[in-house]
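Contents: one structure, followed by commentary.
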Amino acid sequence: MLNNPHRRYNALTGEWVLVSPHRAKRPWLGQVEKLSPETLPTYDPTCYLCPRNERAGGVFNSDYSGTYVFNNDFAALLPDAPEDASASSHPLLVSAPEQGKCLVVCFSPRHDLTLPELELPVIENVLNTWTNESAKLAELDYIKYVQVFENKGAMMGCSNPHPHSQLWSQSQLPNEIIKELATQTEYFNKNSSPLLVDYIKEEHKQKDRILFSNDHFTALVPFWAVWPFEVLVSAHRASASLKELSSVEISALAEVFKQVTTRYDNLFEISFPYSMGFHQAPADGQPHPEWTLHAHFYPPLLRSATVRKFMVGYEMLAMPQRDITPEVATERLRSLSDIHYKQH
Ligand code: H2U
Ligand code: ZN
């Protein structure tokens with residue numbers, strides 16, 4: 001049945017995806033993406049994120065040597081955003097105040113080294129920075145949720161090639177978290193076991209979507225993946241946030257991140273674009289036994305370094321759809337070397 005058109009249920013969002021395996025061979029005469037230059041300098045005097053340089057807002061970066069954290073100069077959320085007195089009172093025109101704080105995190109002083117090219121201790125340092133900064137934001141009384149994310153590559157709207165990520169924290173739950181909280185809570189109440197913990201166990205039995213795993217984390221192409229080479233990285237135990245991870249678990253997570261991103265780059269031998277982010281439980285001071293810390297990788301590329309998947313037409317108007325199956329995507333990623341192609 002899985003070679004014919006079918007739909008799959010996303011247990012984490014409660015939404016369906018249409019899978020059309022027979023369609024993967026269709027010809028492509030559409031848009032071909034431009035590739036970004038492959039070799040970057042270790043330091044770029046015109047880069048807003050390199051050490052000692054002046055940022056767009058006029059502030060100078062320090063002469064940093066590890067990760068570098070600063071308040072986003074053009075933050076989408078502000079700590080002291082006043083309530084809009086002119087807000088409409090009509091029930092069809094609803095708005096609500098939103099406060100928050102946005103940070104930027106540079107991975108290292110090196111302008112040219114993306115996640116898979118960094119040594120494991122440096123990746124661990126990035127994970128520790130995300131952990132500490134998330135925890136600090138979560139402690140602010142007006143913050144209810146912290147989103148850690150990386151936009152990688154111009155194709156994903158990344159504004160600067162210097163490897164960096166962002167933290168946006170806010171006073172209300174965003175849409176994706178509202179969905180995941182509902183599904184995980186419902187599953188936990190029914191089964192007394194966390195949804196993702198059970199899901200990962202089942203995937204290890206079935207094996208055909210597992211990309212890489214160690215004692216504490218698994219990377220797989222989820223059964224319900226929408227993006228062609230989408231990957232879910234999940235903890236093996238219930239865990240509300242990065243802060244709950246031990247140093248052994250952080251090392252295990254760093255290894256999984258290096259594995260996933262190295263295979264991504266090796267797929268088309270380019271710096272593989274994606275949007276990646278962690279889903280942590282709401283920072284509401286409540287226990288979250290239903291939650292399992294996880295990260296989603298959403299890469300846009302489909303059949304080559306220059307042909308991307310577009311979420312248009314049917315996807316915008318009806319539901320997401322994919323051509324190659326998650327099982328075929330897993331096979332392709334699994335068959336690649338875990339040594340970065342630039343080191344060959
Ligand atoms: P991307 O992850 O989309 O590349 O965004 C980088 C962020 O860095 C973006 O939100 C911020 C932008 O506002 N930024 C600064 O805060 N200062 C700068 O000098 C450049 C970019
Ligand atoms: Zn730079």
Side-chain angles (χ1 to χ4, degrees), residues 33-81 98-119 122-123 125-127 129-130 133-134 136-137 143 145-171 174 176 227 242 257 260-261 264-265 270-280 295-301 308 311 342:
E33 304 291 332
K34 269 205 209 107
L35 294 175
S36 307
E38 262 299 88
T39 43
L40 292 169
T42 57
Y43 166 81
D44 175 352
T46 68
C47 169
Y48 293 123
L49 304 180
C50 274
R52 307 176 300 281
N53 291 357
E54 186 179 2
R55 293 206 305 275
V59 181
F60 282 82
N61 296 324
S62 70
D63 191 10
Y64 65 96
S65 54
T67 52
Y68 185 60
V69 184
F70 61 89
N71 286 325
N72 195 312
D73 298 311
F74 309 95
L77 292 142
L78 300 167
D80 43 13
E98 183 86 56
Q99 298 172 314
K101 204 174 162 189
C102 301
L103 306 177
V104 178
V105 178
C106 299
F107 295 162
S108 85
R110 289 285 296 264
H111 185 80
D112 57 331
L113 297 182
T114 60
L115 265 187
E117 298 166 274
L118 295 171
E119 302 292 338
V122 183
I123 301 178
N125 191 38
V126 172
L127 291 169
T129 303
W130 287 337
E133 297 301 328
S134 291
K136 276 196 262 171
L137 290 168
I143 293 302
Y145 179 70
V146 182
Q147 181 63 57
V148 176
F149 66 98
E150 180 193 6
N151 287 324
K152 182 167 174 265
M155 209 181 284
M156 289 313 284
C158 177
S159 59
N160 187 313
H162 191 121
H164 66 281
S165 57
Q166 300 194 51
L167 278 84
W168 290 23
S169 60
Q170 59 193 96
S171 55
E176 294 304 304
W227 294 95
L242 285 162
F257 264 55
V260 171
T261 54
Y264 270 170
D265 278 11
I270 50 147
S271 180
F272 199 69
Y274 58 71
S275 275
M276 179 285 295
F278 281 95
H279 279 160
Q280 312 189 73
H296 297 280
F297 283 84
Y298 297 137
L301 289 177
R308 60 167 296 165
M311 287 280 229
K342 282 189 188 166

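Indexing begins at 1, ligand by ligand and atom by atom, following the structure's order. Note that the structure is predicted; figures quoted are calculated from it, not measured. Just so you know, residue 1 is the first one in the sequence shown, and it goes up from there.
- Any N or O atom pair closer than 3.5 Å counts here, and Gly57 shares no such pair with ligand 1.
- Geometry note: the Zn ion (ligand 2) is the vertex, His111 ND1 and His162 ND1 are the arms, and the angle is 110° (rounded to 10 degrees).
- Looking at Trp227 and Tyr274, their side chains never come closer than 4.5 Å, going by heavy atoms from C-beta outward.
- Between Asn72 and ligand 1, an N or O atom pair is found at a separation short of 3.5 Å.
- Shown here, atom 21 (C) of ligand 1 is out of close reach of the protein: none of its heavy atoms lies under 4.0 Å off.
- Using a 4.5 Å cut-off on side-chain heavy atoms (C-beta onward), Glu133 and Val148 make no contact.
- Remark: ligand 1 atoms within the under-4.0 Å shell around heavy atoms of Asn151 are 2 (O), 3 (O).
- Contacts of Glu176 classified as side-chain hydrogen bond (donor to acceptor under 3.5 Å, both in side chains), with partners at least two apart in sequence or in another chain: Lys179.
- The shortest side-chain heavy-atom distance between Asp44 and His162 does not fall under the 4.5 Å cut-off.
- Considering both main-chain and side-chain atoms, Asn71 never comes within under 3.5 Å of ligand 1 through any nitrogen or oxygen pair.
- Remark: minimum distance from atom 15 (C) of ligand 1 to any protein heavy atom is reached at Asp73 OD2, 3.4 Å.
- One option in Ser159, Pro163, Gly153 has a heavy atom closer to atom 4 (O) of ligand 1 than any other, and that option is Ser159.
- Within the 4.5 Å cutoff, side-chain heavy atoms of Pro41 are placed close to those of His111.
- The SG atom of Cys47 and the SG atom of Cys50 meet at the Zn ion (ligand 2) at an angle of about 120°, given to 10°.
- Looking only at protein heavy atoms, the nearest one to atom 19 (O) of ligand 1 is Ala56 N, 2.6 Å.
- Scored by the ring-ring contact (aromatic ring centres under 6.0 Å, His included) test, His296 finds His279, His294, Tyr298 as partners (sequence neighbours excluded).
- Between Trp130 and Thr67 the shortest side-chain heavy-atom distance does not fall below 4.5 Å.
- Within the 4.5 Å cutoff, side-chain heavy atoms of Leu103 are placed close to those of Leu137.
- For the pair Phe149 and ligand 1, no heavy-atom separation below 4.0 Å is found.
- At a heavy-atom cutoff of 4.0 Å, ligand 1 is contacted by no atom of Glu150, backbone or side chain.
- Ligand 1 has His164 within reach: a non-hydrogen atom of the residue lies less than 4.0 Å from it.
- Residue, atom and distance of the protein heavy atom nearest to atom 2 (O) of ligand 1 are Gln166 NE2, 2.8 Å.
- The protein atom (non-hydrogen) at minimum distance from atom 8 (O) of ligand 1 is Val104 CG2, 3.6 Å.
- Leu115 has its side chain out of reach of Pro163: every pair of non-hydrogen atoms, C-beta onward, lies at least 4.5 Å apart.
- The contact set between ligand 1 and Gly157, taken as ligand atoms under 4.0 Å from a residue heavy atom, comprises 3 (O).
- Ring pair Tyr64/Tyr68 is parallel by interplanar angle, where below 30° counts as parallel and above 60° as perpendicular.
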